[in-house]
Every structure is written in structure tokens, then in C-alpha cells.
Asker: 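The structure that follows is given in the form of C-alpha cells.
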Amino acid sequence: MPLVPAAQKSLTNWLAMIAENDFHDLPSIIAADAVFRSPVGLKPYPGRELVCLMLSTAARIFEDFKYHRKFFNDQNAALEFSAHIGDIELKAIHLIRFNAAGEFVEIEKLVRPMEGAKALGSAMGSSIGPQIRALRAAA
């Protein structure tokens, strides 16, 4: 079953952002009440600003990022990808749920192997740890 048109439009925009490594329009496809679920964090990251920060930072950290298989149904997508962080190769999945307006309302990243998840968590913490703490405190 294909994505509904509004979700397909946002997904097309997301794939273009990834291809161009340009995330300035990212807030336009992320719902205000969106939630990001990290492969290494215990708590979800709520809100557009945090979700955008998490997604755009991870995109900068991943090297040789490439989507492979894509699965859809109505307002959900599962996007398999590969990348590496330094010499650690990983496979991962973005699970995305869209709202009626086609915005990302929930995105979860699953990463394997464990070394890949650890490398991602370490790189994210080094890159934006203080920003994450400040945004969480302000919420």
C-alpha cells in the first residue's frame, strides 16, 4: 500500500534533503509535536526543534549514507540504510509515522551492530550534547 499523498510529498522532500545534504527546509516536514526515538537514548526527544537537531546532526555524522529498501503503508514508512562512522560500518532503519498533514510525527532510528549505535551516540553527544540538554531543560 503506498503512502498517502501528503506523506509521500514530505518523504520526497526528506529524500531530496538527504541527497543534497541541505536541511534548511527540515522544519517544514516535522510536526510541532514530533518525537524522535534514538537507538541509544532512554527517553524520546520531543518537539520540532529537537527532532530537527537530531536528524540533521546524524546526517552530518554518517559517512557514505545510502538508503536501500523502502517499505510503506498509508502513513508509515520504514527506510533501510547503510553508512559508517569512521571505520565502523552499520545498517539501520528509520521508522517514520506521518500525521494527516504529511508531517513526520514520530521517527525512530534502529541501528546495528551495537558498535554502530555506540559510535553514533558518542558522536552525537560530542557534537550536540550541550544543545540537547539545554533544549530539554527549556521544554
Side-chain angles (χ1 to χ4, degrees):
M1 175 182 293
L3 285 170
V4 298
Q8 182 60 57
K9 181 178 178 188
S10 290
L11 182 62
T12 298
N13 289 343
W14 167 249
L15 294 174
M17 288 178 212
I18 290 286
E20 297 164 11
N21 197 31
D22 181 354
F23 299 93
H24 75 275
D25 284 337
L26 186 57
S28 72
I29 64 168
I30 305 296
D33 61 347
V35 175
F36 177 83
R37 297 184 193 288
S38 166
V40 295
L42 296 176
K43 296 179 183 177
Y45 297 85
R48 180 183 288 133
E49 192 171 358
L50 261 174
V51 172
C52 288
L53 178 64
M54 299 299 287
L55 291 174
S56 61
T57 302
R60 282 195 329 268
I61 289 169
F62 288 133
E63 301 167 55
D64 299 321
F65 182 98
K66 182 178 180 187
Y67 277 123
H68 302 285
R69 294 182 289 177
K70 301 174 181 98
F71 304 93
F72 312 108
N73 78 340
D74 211 26
Q75 290 182 294
N76 299 283
L79 309 172
E80 175 195 43
F81 66 91
S82 62
H84 66 89
I85 300 170
D87 62 351
I88 298 174
E89 294 185 26
L90 58 92
K91 292 284 280 190
I93 296 174
H94 281 137
L95 298 174
I96 304 168
R97 185 170 55 88
F98 301 88
N99 62 18
E103 299 167 315
F104 290 30
V105 71
E106 183 175 4
I107 185 163
E108 184 167 358
K109 188 183 305 266
L110 306 172
V111 176
R112 68 169 185 80
M114 186 180 299
E115 291 78 12
K118 287 179 182 177
L120 177 60
S122 177
M124 294 286 287
S126 296
S127 181
I128 58 171
Q131 286 176 275
I132 292 170
R133 286 188 288 282
L135 288 169
R136 282 190 184 266

Asker: Indicate if Ile30 and Val4 have the same hydrophobic cluster label, given that clusters are the connected sets of ILVMFWY residues with side-chain heavy-atom separations under 4.5 angstrom.
Answerer: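 Different clusters.
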Asker: Is there a donor-acceptor pair under 3.5 Å between the side chain of Arg97 and the backbone N or O of Val105?
Answerer: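 No; zero donor-acceptor contacts below 3.5 Å.
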Asker: Examine distances only and state if a side-chain atom of Glu103 and a backbone atom of Ser28 form a donor-acceptor pair shorter than 3.5 Å.
Answerer: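 Side chain of Glu103 to backbone of Ser28: no pair is present.
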Asker: Ring-plane angle category for Tyr45 and Phe36, please: parallel below 30°, perpendicular beyond 60°, tilted otherwise.
Answerer: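 Rings of Tyr45 and Phe36: tilted, 30 to 60°.
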Asker: Please check if the number of heavy atoms outside Glu89 that lie under 6.0 Å from its CD is greater than 12.
Answerer: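 12 or below, so no.
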Asker: Name the residue from Asn13, Ile96, Leu55 that meets the side-chain contact (heavy atoms from CB on, under 4.5 Å) definition with Ile29.
Answerer: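 Per the side-chain contact (heavy atoms from CB on, under 4.5 Å) rule, the option paired with Ile29 is Asn13, out of Asn13, Ile96, Leu55.
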Asker: With a sphere of 6.0 Å drawn around CD of Glu49, does it hold more than 12 non-hydrogen atoms of other residues, nucleotides or ligands?
Answerer: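 Not buried by this count: 12 neighbours or fewer within 6.0 Å.
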Asker: Do the side chains of Phe23 and Met54 join up, straight or via other hydrophobic residues, at under 4.5 Å, putting them in one cluster?
Answerer: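 Yes.
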Asker: Hydrophobic clusters here meaning ILVMFWY residues chained together by side-chain heavy-atom distances under 4.5 Å, can you tell me if Leu110 and Tyr67 are in one?
Answerer: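 Unlinked, Leu110 and Tyr67 end up in two clusters.
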Asker: With a 3.5 Å cut-off and sequence neighbours excluded, list the donor-acceptor pairs that the side chains of residues 121-128 form with protein atoms.
Answerer:
from: Ser126; atom 1: OG; to: Ser122; atom 2: O; distance (Å): 3.1
from: Ser127; atom 1: OG; to: Arg60; atom 2: NH2; distance (Å): 3.4

Asker: Membership question, hydrophobic clusters at under 4.5 Å side-chain separation (ILVMFWY): are Leu135 and Val40 in the same one?
Answerer: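 Shared cluster, no.
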Asker: If the condition is salt bridge (charged side-chain N to carboxylate O under 4.0 Å, His left out), which residues does Arg133 pass it with, not counting sequence neighbours?
Answerer: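 Result, salt bridge (charged side-chain N to carboxylate O under 4.0 Å, His left out) vs Arg133: none returned.
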Asker: So does Gly102 get a backbone contact from the side chain of Ser10, meaning a donor-acceptor N/O pair under 3.5 Å?
Answerer: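 Yes, the answer is positive, given that a donor and an acceptor are paired below the 3.5 Å cut-off.
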Asker: Determine the minimum heavy-atom distance between Asp74 and Ala7, stating which atoms define it.
Answerer: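 What the structure gives for the nearest pair is O-CB, 4.5 Å.
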